[in-house]
Amino acid sequence: MAPVRRQVLGLDGLRGLAALYVVLFHCWLYTFPGYPDSSAPRWLDVLMFGRMAVVFFLVLSGFSLALSPARHGWRPGGVAEFLRRRAWRILPPYWAALAISLVVSLYVVPASHYGPPDGSSLLVYGLVLQDVFFAPTPNGAFWSIGVEAELYLLFPLILLVRRRFGAAAVVACVTLPVIVRGLMAADANPVEGDNWLAPHLAPVFVAGVIGAGVVVASQRVQRLPWGWFAAAAALPVLALGLVKGSVWMVHHYFWVDLAIAPSMALLLASVATGRPALLVRLLNARPMRKLGDFSYSLYLIHLPIVLVVIRRVAPHFVSPGMPTFCFTLLLGLPISVFGAWLFSQLFELPFKRNRSWKSLMVQSRPSTTVPEEQNQPPVPEATPSRGKSPSAPVT
């Protein structure tokens with residue numbers, strides 16, 4: 001058994017890049033009409049695969065959640081406690097973003113072609129049931145949060161099957177029913193609606209869970225060229241996309257999701273084993289880590305900002321098409337990133353740093369104790385500091 005590395009470097013960087021790509025995708029999507037065969041220049045087709053970024057998020061979520069159970073014999077450490085921690089981590093910023101999105105979509109710019117949100121929107125999205133029940137959305141990016149919530153409920157069962165029957169059994173139990181469903185659809189290509197996506201996307205989440213096993217694998221296994229395996233697994237999907245075209249890919253996301261998930265899981269396994277070293281160093285660079293720190297906030301609140309810029313601000317300054325797209329990149333992108341950072345300071349990071357209301361209240365309460373340095377005799381002005389500050393900053 002290989003020594004266990006407690007912290008997997010590079011995952012935050014990947015998470016941040018995926019969130020940034022989703023922002024770019026929405027800048028492209030709402031600037032050029034006609035998705036997926038939009039009026040955008042062909043060289044911008046690289047931005048049309050926002051769905052793939054969300055699939056990557058789900059693979060990464062399964063991978064990250066499974067790291068600790070993998071190190072403890074694939075045991076979840078208590079189902080109720082796991083769900084409580086997930087709710088604590090996910091719901092406060094989500095509800096704050098829901099409130100902001102409702103205000104923007106009702107009074108500034110619509111968020112859905114189904115009409116403005118109503119009472120059903122508040123109920124369905126407030127209870128994170130948007131993958132089960134339809135309601136006019138206040139934020140088009142929220143669909144994946146409902147899927148993720150359902151996968152959290154499935155996660156303890158996935159671990160149970162993994163622990164008792166092995167990785168192959170998990171993959172078979174989750175993936176085979178999805179494949180059968182797909183083959184039974186008209187033209188073997190199911191048409192997806194606005195909800196009930198979790199059953200289809202469960203295999204990509206499981207791919208991440210299985211990939212997390214690399215952190216407790218033997219040194220011989222960890223030294224395998226996982227990066228090359230990831231590239232080899234992605235090659236057929238990329239080749240198919242080049243032959244069939246990007247529009248075909250979008251219309252066949254049901255199968256593309258399943259086909260690309262193994263490559264994503266292998267990429268995560270590669271990064272978890274520290275290779276390629278240059279990529280891991282780049283992903284672990286301070287800007288990438290910082291972006292990853294508030295990537296969830298960026299995902300939650302960027303779309304209302306992008307829509308306001310495209311539909312309310314840009315028409316006063318630039319013409320439609322490429323001028324609006326460039327204007328949105330120059331204005332909407334930095335505002336989205338800064339706004340997400342500010343939002344995370346208020347609604348996300350406090351819940352990441354504290355595990356309960358008690359610790360959160362203690363941290364936010366002003367300290368009434370006398371600072372230690374105030375109890376010390378004053379340092380005479382003539383005393384040299386020898387290059388040291390009188391007190392170190394509290395981290």
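Predicted, not measured: the structure shown is a model, and the values here were computed from it.
- Looking at residues two or more places apart in sequence or on another chain, you find a side chain to side chain contact (heavy atoms under 4.5 Å, CB included) between Arg85 and Glu81, Phe82, Arg355.
- Tyr114 meets the side chain to side chain contact (heavy atoms under 4.5 Å, CB included) test with Ser112, Phe134, Asp194; sequence neighbours excluded.
- For Trp196, the side chain to side chain contact (heavy atoms under 4.5 Å, CB included) partners two or more places apart in sequence, or in a different chain, are Val132.
- Residues satisfying the side chain to side chain contact (heavy atoms under 4.5 Å, CB included) test with Ala135, not counting sequence neighbours, are Ser120, Ser121, Val124, Tyr125.
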Acceptor/donor pairs from residues 97-104 side chains to any protein atom, 3.5 angstrom cut, sequence neighbours excluded:
{"residue": "Ser101", "atom": "OG", "partner": "Ala97", "partner atom": "O", "Å": "2.8"}
{"residue": "Ser101", "atom": "OG", "partner": "Asn139", "partner atom": "ND2", "Å": "3.1"}

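- With sequence neighbours excluded, the residues that form a salt bridge (charged side-chain N to carboxylate O under 4.0 Å, His left out) with Arg15 are Asp12.
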Would you list the atom pairs, donor with acceptor, under 3.5 Å between side chains in residues 332-340 and any protein atom, with sequence neighbours excluded?
{"residue": "Ser336", "atom": "OG", "partner": "Gly332", "partner atom": "O", "Å": "2.7"}

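- Residue pairs meeting the salt bridge (Lys or Arg N to Asp or Glu O under 4.0 Å) criterion with at least one member in residues 88-116, sequence neighbours excluded: Arg89-Glu348.
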Listing, residues 158-170 side-chain donor-acceptor contacts under 3.5 Å, not counting sequence neighbours, or none:
{"residue": "Arg163", "atom": "NH1", "partner": "Trp74", "partner atom": "O", "Å": "3.0"}

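- Residues passing the ring pair (Phe, Tyr, Trp, His ring centres under 6.0 Å) test with Tyr253: none are found, sequence neighbours excluded.
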Could you go through residues 179-193 and list every donor-acceptor pair under 3.5 Å that involves a side-chain atom there, pairing it with any protein atom two or more places apart or in another chain?
{"residue": "Asn189", "atom": "ND2", "partner": "His251", "partner atom": "O", "Å": "3.1"}
{"residue": "Glu192", "atom": "OE1", "partner": "Arg51", "partner atom": "NH1", "Å": "3.1"}
{"residue": "Glu192", "atom": "OE1", "partner": "Arg51", "partner atom": "NH2", "Å": "3.1"}
{"residue": "Glu192", "atom": "OE2", "partner": "Arg51", "partner atom": "NH2", "Å": "3.1"}
{"residue": "Glu192", "atom": "OE2", "partner": "His200", "partner atom": "ND1", "Å": "2.5"}

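- Screening residues 305-317 for salt bridge (Lys or Arg N to Asp or Glu O under 4.0 Å), with sequence neighbours left out, gives no hits.
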